[in-house]
Protein chains: 2
Amino acid sequence: MTTDDPLARTELTFLLGMGFQLVLAEFVRRVAEAGYPDLRPVHGLAFQVLRGGGTTGTELAERLGVTKQAAGQLVDDLERRGYVRRAPHPSGGRRRLVVLTERAIEHLAVAGRVLHALEAELAAGIGADDLAALRTELSRLVRHLAGDSPPPLRPLW
Amino acid sequence: MTTDDPLARTELTFLLGMGFQLVLAEFVRRVAEAGYPDLRPVHGLAFQVLRGGGTTGTELAERLGVTKQAAGQLVDDLERRGYVRRAPHPSGGRRRLVVLTERAIEHLAVAGRVLHALEAELAAGIGADDLAALRTELSRLVRHLAGDSPPPLRPLW
DNA sequence: GCGGCGAGTAAAGCAACTTGACTCAGGCGT
DNA sequence: ACGCCTGAGTCAAGTTGCTTTACTCGCCGC
């Protein structure tokens with residue numbers, strides 16, 4: 001034995017990084033191919049925060065882990081491109097609600113289909129049992145490190 | 001049953017992202033604590049490329065996936081801070097060899113110890129069998145997506 | 001010698017943030 | 001009724017880490 005597998009010696013941190021990078025790159029490639037070449041991962045994360053009623057700009061900023069100014073710039077950009085619009089906030093005041101347009105909701109649906117298709121292909125490629133085991137162990141790792149509240153994904157190293 | 005685990009419904013891509021983000025954040029925290037608060041992950045990646053004799057600036061750029069100008073700026077910065085120095089290239093010409101100083105080699109040793117300590121703690125925390133299974137399945141995933149040549153890690157989403 | 005390839009460098013531009021300073025609507029105490 | 005504080009939002013400038021463009025310079029082949 002000792003087939004001298006380089007990956008067997010690779011630190012867990014690097015294995016996680018490679019796996020994530022490979023899967024994410026394929027996801028981004030497919031989403032771009034499906035008609036959204038100008039949406040970065042952070043846009044999808046913002047859409048996920050906003051899905052189901054929208055939030056204020058400040059709350060979006062907190063959920064994305066950036067300043068409210070940065071969130072404001074992101075919203076400006078997405079508004080110009082027709083993915084979100086600003087509506088008056090029911091509680092009045094100076095607050096405004098950032099809500100998704102139909103275009104963004106379509107994107108979320110497409111992205112979800114891509115994620116599931118990708119996962120299904122991986123299940124076929126490496127074996128459904130192996131993929132299930134990977135999910136199980138990853139869940140265990142995440143729960144061990146973050147408790148029951150999954151950490152918000154943030155597009156930063 | 002149906003304990004209604006939110007992670008069980010989470011897409012593989014997100015599980016990978018969370019796992020990577022959590023482990024990397026802890027790694028960076030410990031490395032900073034160990035006396036390197038001003039080194040980002042990209043610096044460690046550069047050190048790994050340069051370990052064992054150094055390379056030219058252009059090759060470093062290729063291995064990091066950036067332009068040679070960006071690599072040059074990185075080297076300027078690391079040189080100012082005493083982590084690398086530029087030596088004449090044995091093959092002469094305009095080429096110069098970027099080599100690590102003792103300070104960078106010490107950092108590599110520290111970072112390696114942190115990685116292994118972290119992995120050992122995770123093994124204790126979630127079970128050695130589970131960690132081994134996680135490594136096995138991650139390796140399978142990476143090999144399926146990238147073949148036998150592990151992809152270079154790059155600090156980008 | 002001389003033409004050009006390739007490493008390296010210099011300068012300017014750009015994207016995605018940050019920090020700092022401001023405006024403004026509403027709630028609240030007095 | 002009034003002042004005033006709080007917090008959402010915005011405006012402007014600065015920072016960082018890259019890129020693009022354009023150059024310099026040393027060697028090698030012919």
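Letters A, B, ... are given to chains in the order of the sequence lines, protein chains preceding strands, and every chain is numbered from 1.
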Answer with yes or no whether Arg94(A) presents, from its side chain, a donor or acceptor under 3.5 Å of a partner atom in the base of dA25(C).
-> no

Can you check the Leu45(B) CG to dC18(D) P distance for me, whole Å?
-> 11 Å

Near DNA chain D, which residues from residues 61-79 of chain A have a heavy atom under 4.0 Å away?
-> Lys68(A), Gln69(A)

Taking all atoms of both residues into account, what is the closest heavy-atom pair of Val98(A) and Leu50(A), and its distance?
-> O-CD2, 3.6 Å

Using 30° and 60° as the class limits, which term best fits the ring planes of Phe20(B) and Phe20(A): parallel, tilted or perpendicular?
-> tilted

Give a yes or no on whether the backbone of Pro152(A) and the side-chain of Gln21(B) come within a donor-acceptor separation of less than 3.5 Å.
-> yes

Stepwise side-chain contact (heavy atoms from CB on, under 4.5 Å) test for Leu64(B) and Arg154(B) | CA-CA 6 Å; Leu64(B) 292 180; Arg154(B) 295 205 277 133; 5.8 Å; no

State, with a plain yes or no, whether a side-chain heavy atom of Pro6(A) is found less than 4.5 Å away from one of Asp148(B).
-> no

Decide yes or no for Leu145(A) and Leu122(B): does some side-chain heavy atom of the first lie under 4.5 Å from some side-chain heavy atom of the second?
-> yes

Give the ring-plane orientation class for Tyr83(A) versus Tyr36(A), where under 30° counts as parallel, over 60° as perpendicular and anything between as tilted.
-> tilted

What residues, two or more places apart in sequence or in another chain, satisfy salt bridge (charged side-chain N to carboxylate O under 4.0 Å, His left out) together with Arg51(B)?
-> none

Taking only N and O in the side chain of Arg40(B), is any of them less than 4.0 Å away from OP1 or OP2 of dG17(D)?
-> yes

The helix from dG1(C)-dC30(D) to dT30(C)-dA1(D): angle between its terminal axes, five pairs each, to 10°?
-> 0°

Look at the side-chain N and O atoms of Thr58(B) and state whether any lies under 4.0 Å from the OP1 or OP2 oxygen of dG8(C).
-> yes

Rounded interatomic separation in angstrom, taking CZ from Arg96(B) and P from dG8(C) | 9 Å

If we only count heavy atoms from C-beta on, is the Leu78(A) to Leu39(A) side-chain gap below 4.5 Å?
-> yes

What integer distance in Å separates Asp38(B):CG from dG17(D):C1'?
-> 16 Å

dA8(D) phosphate, OP1 or OP2: any side-chain N/O from Arg86(A) under 4.0 angstrom?
-> no

Check: Arg95(B) side chain, dA7(C) base, donor-acceptor under 3.5 Å | no

Could you state the CG-C1' distance from Leu97(A) to dA25(C), rounded to the nearest angstrom?
-> 17 Å

Rounded distance in Å - CG (Leu156(A)) to P (dA16(C)) = 13 Å

